[in-house]
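As structure tokens, the structure follows; a few thoughts come after it.
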Amino acid sequence: MMITDTQTGTRHRGNVLRGIEKAAGTSTGITGLVALYLASAVLQGMAFVLSIPIFRFILEGRSIDAWQVMLFVASIVLAFAAHMTGLLRSSRISVYAMCDRIVRRIGSKVTRLPLGWFDSTSASKVSNAMSEDVQTLSHLGPVVLPGLISGIVTPLTVAVAVLFIQPLVGVLLLIVVPLAAICMYWSVRVLQRVHPLERAADLRFSQAVLEDAALQPVLRSSGQSGMAWEHMRQAVDDDTRMGISRLKAEGRPSMFFQLGTQLCFAGALIVTTVAAYGQSVDAALFAVLCLLAIRCVEPLTLAVQYSDELYRDNAAIDAVQQILEVPELPEPDSPQLPESYDIELQDVGFGYRRSEAILSHVDAVISPGGITVLEGPSGAGKSTLARLISRFWDVDTGRVNIGGVDVRDIGSTAVMAMSSFVFQDVFLFDTTVLENIRIGRPDATRQEILDAAHSARLDEVIERLPLGWDSPVGPRGALLSGGERQRVAIARALLKDAPILVLDEVTSALDNTNEAAILSVLRQYAQDKTVIMIAHRTKAIAAASKVLHVESGSVRSVDISDAVDPE
Ligand code: ADP
């Protein structure tokens, strides 16, 4: 069965077992689990059939052989043993062989993904795959498979056996099979339509909640906070409507199946009763059918609902695979390390989409010994250019050389080791100021960290914090101001002391005094290093030894005096 998610354009191959093995990257033992559940379900069905002579013995006083009793007991014991072995194994398989491996594979993939892959949505994709999707898959072994297999296979085994004892009753019981298939197909079709719409509504709702929190000052000042904000009200209404329509849509196949199953069992009981009057069937078969109805109708109905779970498992596998299949940058077999750190762009062309070039035929040289500023209008491609140097992506045409060696021959790990970045949007970990700086060079001494912090003008910040250097900065550095966060990130980069430093609008949140002080530190740092700084502000541009103007996909060198606007 191939299920196509029409909204996202993704395709979920119906073989969930193969999907799991592919996502885990190895054999998980889930097929063995299916075999155990199948064996248990068939044995349970056989136990029902083998109970007929026992009922005949009890109800009608007919003779029974010892082997018949032994077979009955053996089938019950073996069914129980197979089921329990399956359940015990399923926890190990789910936790270690499936979920743990999938989480580790995603974790390891994330470390190899091109840095350019990471944008505002990538964090939620990875966290959803590692938490929600893996959790969905964890139900497969211990819940979905045993429920689905025993719900269908046990009554099916009995129905096939009854076909030989009382054909009409067997046929009535077997009608449930195509009925289940139709309802499962129906259920999956419904999910195919509703699931992407519901996911999209969920996403809009959570985005609206985040926006609502971030926009509180604006919304309150215009009297629109909470549900008074049309955007929020719309998102909540859509989410509720989608939830209700999914419940309604999902409920129909299941109700239809429940009704059909009850009718088939009722028909089988009526036929058996009528036959009993005509002496063509004994009370034993009637008793077994009653037991079967009591024992199997509900699990059978639940089995149809488990087909929904299979759809969700396929969707989860698909989400995991989408991350695992992101192309990685080709890495050299024997990386070549440059001996110097001058950067040269030769006829560079690059676009995020094939049809849209952001940079074309770019030639530029960036030398150590001074700050090279990239300036130009917003959206011109300055950040893209700076990131191409550090191999966030590979160029489409031309080459980027460091010390005369193509960055593709140097390899991502070595390029990263020789570069430091400070971006406008600084990310700090929820730990102390000191530890946030230490990440730049984990083996640095406390004194080295303090020196870097001092250069980044952090002393005055530390004096204000209650625990000094050991003060926590809060989630994402929320306890510090934008300018203070930038200074922590600059200290981190200074501590790393890498030969190439890329700075993207790093002085934008600093006051004049701190900006001047940090620019002077950076100028000093640049004396024997390659420093690239994206900047708009006059002071920053004035600190440059070279200015490259980026506009309309091309780059040209300009005089510093031309680039500096009088403020
Ligand atoms: P600048 O730094 O000069 O403001 P950028 O290099 O950030 O410009 O962006 C250049 C163009 O590339 C813009 O049109 C921007 O929308 C687009 N862009 C930037 N990053 C991405 C991305 N990850 N995916 C797709 N388009 C992007």
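Ligands are counted one by one from 1 in listed order, and the atoms in each one are counted from 1 as well.
- Residues meeting the side chain to side chain donor-acceptor pair (under 3.5 Å) test with E435, sequence neighbours left out: R438.
- At a heavy-atom cutoff of 4.0 Å, ligand 1 is surrounded by Y352, I358, P377, S378, G379, A380, G381, K382, S383, T384.
- Side-chain atoms of D342 and S367 include no donor-acceptor pair closer than 3.5 Å.
- Taking the ring-ring contact (aromatic ring centres under 6.0 Å, His included) definition, one finds that W393 meets it with F350, Y352, sequence neighbours left out.
- Taking R408 as the reference, R391, D394, V395, R399, D406 meet the side-chain contact (heavy atoms from CB on, under 4.5 Å) condition, with sequence neighbours excluded.
- Counting heavy-atom neighbours within 6.0 Å of D443 CG, excluding the residue itself, gives a total above 12.
- Under a 3.5 Å cut-off, the side chain of K382 and the backbone N or O of G376 do form a donor-acceptor pair.
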